[in-house]
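Report on one structure; see the data block that follows.
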Amino acid sequence: MAVAPDRLWRHFTRVADAPIVIERGEGCYIWDTEGKQYLDALAALYCVNIGYGPWPEIAEAAREQLERLPFFTNWVGFATPPALELVDKLSELVPIDVGRVFLVSGGSEAIEASLKVARQYHRLRGEPTRYKFVTRRSAYHGTTMGALSINGSPGLRSQFEPLLPGCVRVPMPYRYRCPYCSDRPECTLQCADEFDATIRAEDPLTVAAVILEPMQNSAGSIAPPPGYFQRVREICDEHGVLLVADEVICGFGRLGEWFGSIKYGIEPDMMTMAKALTSAYAPLGALVASEKVAEPFFREASSSFLHGITFGGHPLSCAIALANIDVFERGDLLGHVRSHTDEFRAAFDRLGDEHPLVGDVRGDGFFYSLELVKDKETKATFTPAERDDVKSFITLGARERGVYLRVDDRAETAVQFSPPLVAGRAQLDEYLGVLRPVLDETYDRYVANGS
Ligand SMILES: Cc1ncc(COP(=O)(O)O)c(C=O)c1O
């Protein structure tokens with residue numbers, strides 16, 4: 001059959017971006033239709049966490065499920081065995097006392113479900129005035145209209161306004177350029193206190209939930225300072241506001257734990273997850289609600305959560321998720337990430353010390369970002385006119401040399417490393433072996449020669 005790649009409406013793709021067709025994957029590598037091999041330093045989109053296999057046990061689980069029952073719904077009282085089994089398995093893995101798990105088909109849908117649960121939860125408890133959501137600047141939580149409304153990047157929202165009313169944002173814990181304490185030896189946690197100030201300014205009785213990632217991806221691996229989440233939890237409790245951990249990227253081993261909430265000792269009321277729940281072998285998302293959150297929904301026989309997605313908790317995806325979690329457990333992927341964390345961090349720190357373009361190194365586990373600057377002393381960044389150009393220059397320079405990576409510039413310009421969790425020293429060396437000359441050329445072009 002003839003393929004017409006020019007008719008495929010690619011996501012977030014500029015007209016100028018060259019189309020590229022990936023047809024095969026193995027381990028940490030992908031191949032395009034021209035036969036060119038790339039190291040996948042982004043696990044596709046932070047999601048193919050077990051790598052591209054081959055994992056015959058996942059193919060077998062999918063085949064068995066398709067033969068037994070290709071689909072049935074979780075609506076109006078029904079369920080399927082893999083959905084029930086997956087919910088039990090997730091309840092073992094998450095760090096909260098699980099009330100219910102609502103299965104969807106992806107991250108944005110998990111966020112949508114969390115927004116709706118939060119609003120209905122407060123109504124059921126007699127506080128119908130609570131409808132607002134507090135998130136962090138630059139944060140990304142998806143693109144459907146509700147998820148988009150809580151996003152922290154004005155550039156993503158502006159074409160689609162007006163969005164949900166009552167979505168407000170606070171600064172992220174951005175130590176490198178923190179307006180409160182980047183000049184002090186230690187973080188003062190004023191970034192966490194901003195939640196308190198903002199909730200008070202909005203009127204606490206209007207605020208439904210605070211939603212944030214354990215380590216924020218957008219803006220480049222923004223990690224919480226010590227004590228941050230404990231303070232945010234206290235603030236939420238004081239004001240009767242729900243705390244939602246968006247685990248869409250941090251979940252399933254990226255930081256060396258099942259969830260970022262475990263890593264940072266967060267006790268959320270709800271958790272959203274997707275992506276590596278199936279290692280992206282099939283679309284699936286979940287909203288996990290604590291006992292506290294679920295309880296008001298189940299008080300009366302006539303009540304229900306008025307929400308549903310046809311493909312939410314698709315049995316094929318649930319069977320694949322279970323097989324995926326089995327691969328994690330049998331291969332001790334969390335242990336693998338933990339055993340490489342120090343080595344990976346040290347290698348990126350070394351690059352940060354040596355390279356004039358690397359201003360800040362952030363991250364943990366298998367999730368790092370290098371923020372680029374033109375001058376390390378002044379932390380001067382690229383001009384608005386240069387930013388797009390720098391992003392393309394690095395992305396295409398790495399791609400030509402056989403590495404697929406991402407340059408995030410939703411805040412400042414940051415090069416990322418978020419490979420499949422089966423990567424090791426060889427893949428790190430390959431990545432750095434490509435990144436160094438690309439950064440050298442970037443420096444020559446945009447700083448030394450001041451193009
Ligand atoms: C933190 C976070 N939340 C939510 C989403 C939305 O997930 P999806 O693209 O599956 O809708 C993403 C997607 O990248 C994400 O990174």
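Only a predicted model underlies this, so the values are computations on that prediction, with no experimental measurement involved. Both counts, for ligands and for their atoms, begin at 1 and track the order of listing. We number each residue from 1, following the sequence as shown.
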Check: Below 6.0 angstrom between ring centroids: does that apply to Phe297 and Tyr121?
Finding: no
Margin query: For the aromatic rings, using the six-membered ring if either is Trp, is the centroid distance between Tyr264 and Tyr228 under 6.0 Å?
Written below: no
Checklist line | Nearest-contact summary for atom 14 (O) of ligand 1 - protein heavy atom, Å | finding: Lys275 NZ, 3.0 Å
Next item on the list: Measure the distance from atom 3 (N) of ligand 1 to every protein heavy atom, then report the residue, atom name and distance (to 0.1 Å) of the closest one.
Entry: Asp246 OD2, 2.7 Å
Margin query: Need the ligand 1 atom indices (1-based, order shown) with element for anything under 4.0 Å from a heavy-atom of Glu213.
Written below: 1 (C)
Checklist line | Atom indices of ligand 1 within 4.0 angstrom of Ile249 heavy atoms, with elements | finding: 16 (O)
Next item on the list: Check the pair Asp97 / Ser290 against side-chain hydrogen bond (donor to acceptor under 3.5 Å, both in side chains), numbers first and verdict last.
Entry: CA-CA 5 Å; Asp97 202 5; Ser290 66; over 6 Å; no
Taking 4.0 Å as the limit for heavy-atom contacts, which would you say applies to [X] with ligand 1: side chain only, backbone only, both, or neither?
X      : result
Tyr140 : both
Glu109 : neither
Ser108 : both

Check: Do Lys36 and Tyr38 meet the cation-pi criteria used here (NZ or CZ under 6.0 Å from the six-membered ring centre, within 45° of the axis)?
Finding: yes
Check: Is the closest N or O pair between Gly107 and ligand 1 shorter than 3.5 Å?
Finding: yes
Next item on the list: Give a yes or no answer on whether the side chain of Arg406 reaches the backbone of Val415 with a donor-acceptor pair at less than 3.5 Å.
Entry: no
Next item on the list: Taking Glu85 for its side chain and Leu322 for its backbone only, find out whether a donor-acceptor pair lies under 3.5 Å.
Entry: no
